[in-house]
Amino acid sequence: MKRYNPADIEPKWQSIWEDQARYIATDNDSKPKMYVSGMFPYPSGSGLHSGHAFSYTIVDAIARFYRPHGYNVLNPMGWDTFGLPAENYAIKTGMAPSVVTKQNIANFKNQFKRMGVSVDWSREINTSDPEYYRWTQWIFTQFFNKGLAYQKESMQWWCPVDKTVLANEQVEGGKCWRCGSEVEKKSMKQWFFKITDYADSLLKEIPNLDWPDKIKTAQTNWIGKSEGAEIDFVTAERDDRIRVFTTRPDTLFGATFLVVAPEHPLVRSLVNDDTREAVDSYITASLKRSDIERMAESKEKTGVFSGSYAINPATGSKIPIWIADYVLGGYGTGAIMAVPAHDERDFAFAEKFKLPIIKVVEAPSRDEQIYHGEGTLLSSGEFDGMATSEAREQIVNWLEAQGVGAIKTTYKMRDWLISRQRYWGAPIPIIHCPEHGAVAVPEAELPVKLPNVEDYAPKGDGKSVLASVEDWVHVDCPTCGGPALRETDTMDGYACSSWYLLRYADPKNETAAWDPAIANYWSPVDYYVGGDHAVAHLLYVRFWAHVFKDMGLINHREPVKKLVYHGYVNAEDGRKMSKSLGNVIDPLDIIDQGYGADTLRTYVLFMGPIELDSAWSSQGVGGVHRFLNRVWTLTQEYLAAEVAPNDDIAASLEQIRHRTIKKVTNDYRELSFNTATAALMEYVNELYKAKTTGFTMAWRLQLETLVQLLSPLAPHVSAELWEQLGNDQPLDTAMWPHWDDSQIKTDTITLAVQVNGKLRATLELPADVTKEAAIEAALASENVARHVAETGPKKTIYVPGRLINIVS
RNA sequence: GCGCGGGUGGUGGAAUCGGUAGACACGAGGGACUUAAAAUCCCUUGGCCAUAACGGCCGUGCGGGUUCAAGUCCCGCCCCGCGUACCA
């Protein structure tokens with residue numbers, strides 16, 4: 001009898017699948033389409049990790065489940081290749097990032113194949129391939145032409161010694177991570193995508209998404225819509241207007257001071273000779289504080305009096321204007337009216353700097369020191385006694401009549417900064433002309449290819465290495481033909497990954513990013529699988545789709561129908577896997593150790609519900625392998641046995657077969673792979689019990705059903721056993737088995753009998769038993785009779801097919 | 001702080017509508033096979049008490065409540081994980 005040896009059968013089936021191009025998807029097929037994809041990987045030098053194994057096994061199981069249901073399945077794969085690791089490796093070794101990337105892709109691809117994924121490799125894409133980023137650049141120019149890509153001065157961390165911009169994470173304790181010198185904030189011209197134009201559009205669709213609530217809430221909070229009002233305060237000294245944003249215009253009478261952010265443009269004009277020095281040093285100090293420091297200090301407020309006063313338009317009183325960094329320059333108007341009686345932050349500030357606190361809202365019940373809820377107005381002139389919700393409207397109307405206030409909606413979300421001063425990214429396709437400013441590179445001249453360079457290390461001038469490639473930088477202006485300069489920044493990698501799901505639909509198109517007819521056939525993605533990027537990628541990919549819809553490039557607004565957001569795979573010790581802890585499980589090792597890909601795949605799906613984090617268990621892997629081995633052995637025993645030449649089989653077994661098809665099918669549909677696997681294990685246990693009475697011809701159907709149901713999890717062993725059972729038609733082209741509900745019905749039912757809610761007996765009764773007969777049988781049961789009080793049953797609850805509860 | 005998850009045996013986890021808590025698997029214990037081990041197969045396995053039992057009590061983070069019946073619903077807490085961070 002042949003032993004189960006994955007090392008034999010897995011390569012065999014992998015090459016059959018590849019040679020027969022079994023998983024090539026057909027555009028515009030008449031079959032219903034099913035588009036499943038994982039978030040494409042960054043091909044690192046270290047190969048697939050357990051998270052990859054988990055993610056793409058989920059994808060593949062979905063794909064392999066839907067194909068036999070008659071779907072035209074698209075299961076593509078590609079590579080998210082731009083980014084820092086490849087560039088750093090290039091700086092260290094001098095090897096071109098494109099070369100390193102090519103090697104890593106080859107390794108990843110080989111490892112994916114060894115996992116038995118049913119991917120359509122003819123659609124493979126790579127974001128650093130000029131044929132791909134050509135269209136990323138084309139999309140950029142479309143955004144630019146629509147005003148959705150623009151340049152703006154913005155504050156960046158700047159190291160004066162290295163003369164380079166630093167990311168937030170590269171500033172440690174206010175010092176440069178490289179040279180240790182004190183960093184400063186510097187205003188620099190950067191490229192942005194105007195995602196804020198789509199804030200409402202993105203927000204509005206969130207409730208309709210079939211996505212986990214966790215992600216939907218995260219995106220809602222990230223967009224951070226808040227409705228309120230803008231109110232103008234006039235300064236007492238110079239008649240300047242300071243505009244503030246507030247969500248609580250109803251508390252206007254309690255505004256006892258204003259606070260402006262250190263970056264506020266009017267700060268200069270607010271100071272006088274007495275305050276100038278203090279204000280200057282405060283601003284310098286606060287600009288230097290890193291975000292991390294500001295976070296750590298959290299509630300401890302700092303600030304300085306500007307020297308000026310403003311008039312509260314409601315009370316007419318003179319209130320001081322302070323400068324403090326608890327007010328953020330980038331949000332609202334960068335200035336607020338402080339109402340310390342009804343806002344915790346304002347209260348903390350007022351306490352520290354001894355500023356007046358005026359209560360203007362009466363809390364409905366208990367009295368709190370700082371009440372920010374709804375209530376009734378007091379000390380608010382003509383608005384006294386009015387409900388806060390009502391007053392919010394009335395006070396804005398009243399201000400609006402005087403031309404000093406209006407309703408206003410703001411968002412926390414900022415525009416998306418996409419320029420990077422790095423080599424290994426898609427060059428921003430812009431040419432700067434002294435005459436015409438920024439001009440988009442014409443479509444015919446795309447792609448703007450990355451030039452080859454000798455040294456990938458930044459030159460220290462705050463620009464990307466590209467700026468030093470003289471003959472690349474100097475070009476003619478597309479508009480006037482005069483001398484002009486290329487933009488030398490590259491795009492954030494997230495730009496490349498914001499549209500790749502559409503490129504999979506039409507990956508070889510040389511005249512367009514995609515053909516709308518093909519993209520509209522495949523898109524949106526039916527199942528998008530990943531466990532990372534709650535907002536960034538998952539918001540950007542939505543943003544671009546919304547823009548594409550408005551541009552008429554696709555006919556739908558949302559790119560992802562169902563988001564499958566899975567948990568992390570932790571190490572055996574429950575901690576995160578990391579090289580330094582030495583607890584990393586390499587999924588390829590599991591295959592190499594002889595367990596095989598089928599065990600790996602089945603195990604990662606059996607660990608638990610996919611949305612939960614899990615800890616790896618070597619013993620669990622062994623358990624799953626034992627299960628697959630049992631399936632193998634059972635089939636071998638059947639094939640080797642003298643099969644009785646009749647179709648007799650225990651009726652219960654056929655019933656279990658139908659029940660298992662139903663359970664497993666429904667579980668797969670719900671992506672409940674762990675319970676589907678459990679049901680298959682139960683089925684196998686039943687078959688083992690039944691085989692002691694000998695095999696008949698009817699067993700073939702049992703075993704065929706078993707391997708079919710198993711095939712999404714363990715495709716190799718399933719295909720092998722299917723073939724050994726004598727099927728000429730390949731398993732992955734056979735239709736999924738059907739179940740018949742009438743076959744699942746049993747002649748008898750098990751009824752639980754409770755007395756006063758406690759289980760006292762279980763009865764086997766005919767399925768069509770009447771209520772009366774069931775109760776009679778229950779009362780006749782010895783143990784039940786003993787527990788029913790002498791007074792007899794007072795009341796009887798009967799749940800057909802489930803239980804009887806006798807209340808006595 | 002706020003938001004979102006979660007808390008069930010020694011462990012991972014099951015449990016459509018409120019209806020037999022602990023499916024399935026791991027681990028553990030016992031047995032069969034074997035010269036022996038591995039592998040494989042079979043049995044037992046929430047705790048406690050009874051063991052003559054087809055028996056009893058307790059049990060889903062804690063405290064209340066609704067109900068014939070609560071892991072599941074309601075109220076009040078505790079703990080853990082993740083996300084977020086002064087957004088006026």
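Computed from a predicted model, the values in this text were never measured in an experiment. Every chain is numbered from 1 and lettered A, B, ... according to where its sequence line falls, protein lines coming before strand lines.
- Taking syn as a glycosidic angle within 90° of 0, B/C17 qualifies as syn.
- Relative ring orientation between A/His342 and A/Tyr371 is described as perpendicular, the plane-to-plane angle rising above 60° on a 0-90° scale split at 30° and 60°.
- Residue A/Lys301 places a side-chain atom within donor-acceptor reach of the base of B/C86, judged by atom type and a 3.5 Å distance cut-off alone.
- Across the strands present, B/C41 finds its partner in B/G31; the criterion is a Watson-Crick or G-U wobble pair with both atom distances under 3.5 angstrom.
- A salt bridge does not link A/Arg392 with A/Glu227: every distance from a Lys NZ or Arg NE/NH1/NH2 to an Asp or Glu carboxylate oxygen is 4.0 Å or more.
- OP1 and OP2 of B/G5 both lie 4.0 Å or more from every side-chain N or O belonging to A/Lys214.
- Contact between the side-chain N/O atoms of A/Arg630 and the OP1/OP2 oxygens of B/C24 is not found at any separation under 4.0 Å.
- In this pair, A/Phe695 and A/Trp699 present their aromatic rings perpendicular. The plane angle is above 60°, beyond the 30 to 60° band.
- Phosphate proximity of B/A14 to A/Asn674: present, with a side-chain N or O under 4.0 Å from OP1 or OP2.
- Pair check for B/C4 finds B/G81; Watson-Crick or G-U wobble, both atom distances under 3.5 Å.
- Taking side-chain N and O atoms only, A/Ser226 has a distance below 4.0 Å to OP1 or OP2 of B/A88.
- Ring geometry for A/His537 versus A/Tyr494: interplanar angle under 30°, hence parallel rather than tilted (30 to 60°).
- Taking side-chain N and O atoms only, A/Arg786 has no distance below 4.0 Å to OP1 or OP2 of B/G55.
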